[in-house]
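For reference, the structure discussed in these notes is given below.
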Amino acid sequence: MNFQELNSTMKLSIKQKVASDLALRDSANRFFDQLEKTPSKSITVSFTGIKSISRSFAHQYLARKADSTKEILESDVPEVVSKMFAVVQRPGKKYELPKLSVRRLSSVDAAFS
Amino acid sequence: MTYNPFKFCFAMDALPELLKNYALFCKYRSDALATKQIDLSELEFIFPTTLLPLTDFVISDRAFGIVPPEDEVVADYIAFMLDGKPIPGGPRMPLRELPKDRSQADALIGEIAASQNRNNVCCGESAFKYFLGELVDNIYEHSEFSRALVMAQRYDSLRFVEMCFFDNGLTIPGAQAKHGKKRTPIESLQAAASGVSTKSVERGFGIGSSIRLATEGFNGKFLLVSGAAALSVDSSGGREFDLTGPLALDGTLVSIRIPFSSKDVNLYDYIG
């Protein structure tokens with residue numbers, strides 16, 4: 001590996017490395033585990049072809065990016081992804097479960113009565 | 001007694017519909033434990049919310065004799081849902097196991113979405129896949145299951161889809177107890193739905209956002225049964241159920257019914 005390779009910017013397609021639908025935290029972790037092993041200090045992650053992303057994936061992606069030793073940039077980020085990154089970075093209120101009545105179902109017959 | 005879930009809609013007005021169908025599974029389970037036989041002979045219709053936990057029950061203990069439904073259509077349906085080869089884009093998503101290798105789960109999520117939300121009958125692609133992704137991710141992150149199953153059906157004539165996920169893992173009360181949280185089963189489900197994560201304060205959006213998206217965004221019905229507690233939410237509100245006793249579940253069942261809709265759902269309005 002030479003100096004030029006170390007300082008070049010590598011471009012990675014997250015669709016090719018993961019999937020077009022980014023769902024699981026574990027997928028984000030595996031993606032970053034691969035990314036950390038690359039020699040380049042600077043990496044551009046292309047989001048071309050991404051159709052959906054879960055909040056969990058987006059959260060894990062951003063957490064791993066923040067902890068990474070690499071300089072990571074994103075390119076070709078579709079709206080579904082940029083909006084989800086914004087949601088994660090500016091978390092709103094969590095779901096508030098309404099005050100609910102509790103009913104005890106102590107027997108199968110009780111459910112059918 | 002004829003086991004017809006549609007008839008139960010009238011006989012058990014007090015219970016939410018998905019919970020009625022879960023209770024029907026409990027009925028079969030109780031009868032089987034007493035008689036060593038699962039008698040489906042009078043079955044006229046069965047939804048995934050009954051069939052999926054019943055399937056796990058049978059897989060877990062094969063000592064039961066099974067009397068098949070007399071109705072051939074129902075018998076054929078069950079046979080297909082348990083062992084059929086899915087038709088790409090078809091309305092039936094037969095029994096599938098969540099792969100132990102999480103890297104293979106993405107393909108299964110895509111398969112469920114292609115079958116159940118074909119032509120975006122419920123909502124846009126990204127909202128539907130977001131919903132599935134959060135549900136499946138929660139199972140992998142928290143359950144520590146040895147078996148996790150999924151089954152779904154798109155009812156084109158009834159104009160809704162019903163998707164069920166079951167895992168035989170820790171349960172939500174069990175996972176919280178493992179992290180030192182002393183809560184009743186009901187309190188555990190409340191905490192999980194309200195975003196109290198066992199991992200960090202930045203997490204815990206999964207179940208709550210899924211419930212909100214399903215019930216407010218998709219205008220659907222959401223049932224969560226875990227251990228000895230159940231939570232049922234739809235657009236009219238929610239109810240909780242203490243299932244301590246014969247209606248408790250050794251695992252977690254999530255059942256969702258989503259009506260067909262012509263509107264696209266802006267998921268960002270619901271996920272906080």
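Protein chains get the first letters and strands the later ones, always in sequence-line order, with residue 1 at the start of each.
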Distance, nearest 0.5 Å, that separates [atom1] of [X] from [atom2] of [Y]:
| X | Y | atom1 | atom2 | value |
| --- | --- | --- | --- | --- |
| A:R25 | B:E134 | CZ | CD | 7.5 Å |
| B:D137 | A:H59 | CG | NE2 | 11.5 Å |
| A:R30 | B:S103 | CZ | OG | 4.5 Å |
| A:S56 | B:N138 | OG | CG | 6.5 Å |
| B:L247 | A:S106 | CG | OG | 8.5 Å |
| A:L24 | B:Y140 | CG | OH | 7.0 Å |

Contact origin within [X] toward chain B - heavy atom pairs under 4.5 Å:
| X | answer |
| --- | --- |
| A:S101 | both |
| A:R103 | both |
| A:L22 | neither |

- Note on the structure: If one checks every heavy atom of B:L243 against chain A at 4.5 Å, the contacting part turns out to be both
- Side chain, backbone, both or neither: which part of B:L231 has an atom under 4.5 Å from a heavy atom of chain A? side chain
For [X], does the [atom1] atom sit with more than 12 other heavy atoms under 6.0 Å from it, leaving out its own atoms?
| X | atom1 | result |
| --- | --- | --- |
| B:K100 | NZ | yes |
| B:D250 | CG | no |
| A:E71 | CD | no |
| B:E97 | CD | yes |
| A:K70 | NZ | yes |

So, for [X] and [Y], which heavy atoms are closest and what is the spacing to 0.1 Å?
| X | Y | value |
| --- | --- | --- |
| A:A23 | B:G133 | CB-CA, 3.8 Å |
| A:V108 | B:C26 | CG2-O, 3.9 Å |
| A:I53 | B:Y130 | O-CD1, 3.6 Å |
| B:L267 | A:M84 | CD1-CE, 3.7 Å |

- Message: Quick check for you: among B:S126, B:A228, B:G245, B:A229, which has the greatest number of heavy-atom pairs under 4.5 Å with chain A?
- Response: B:S126
- Message: My understanding is that only residues two or more places apart in sequence, or in another chain, count here; which of them pass side-chain hydrogen bond (donor to acceptor under 3.5 Å, both in side chains) with A:D21?
- Response: A:S52, B:K129
- Query: Just by distance, do the side chain of A:R104 and the backbone of B:T244 share a donor-acceptor pair under 3.5 Å?
  - Reply: yes
- Task: Could you tell me which of A:V18, A:L105, A:V102 has the largest number of non-hydrogen atom pairs under 4.5 Å with chain B?
- Result: A:L105
- Any side-chain heavy atom of B:Y268 sitting closer than 4.5 Å to one from A:V80? yes
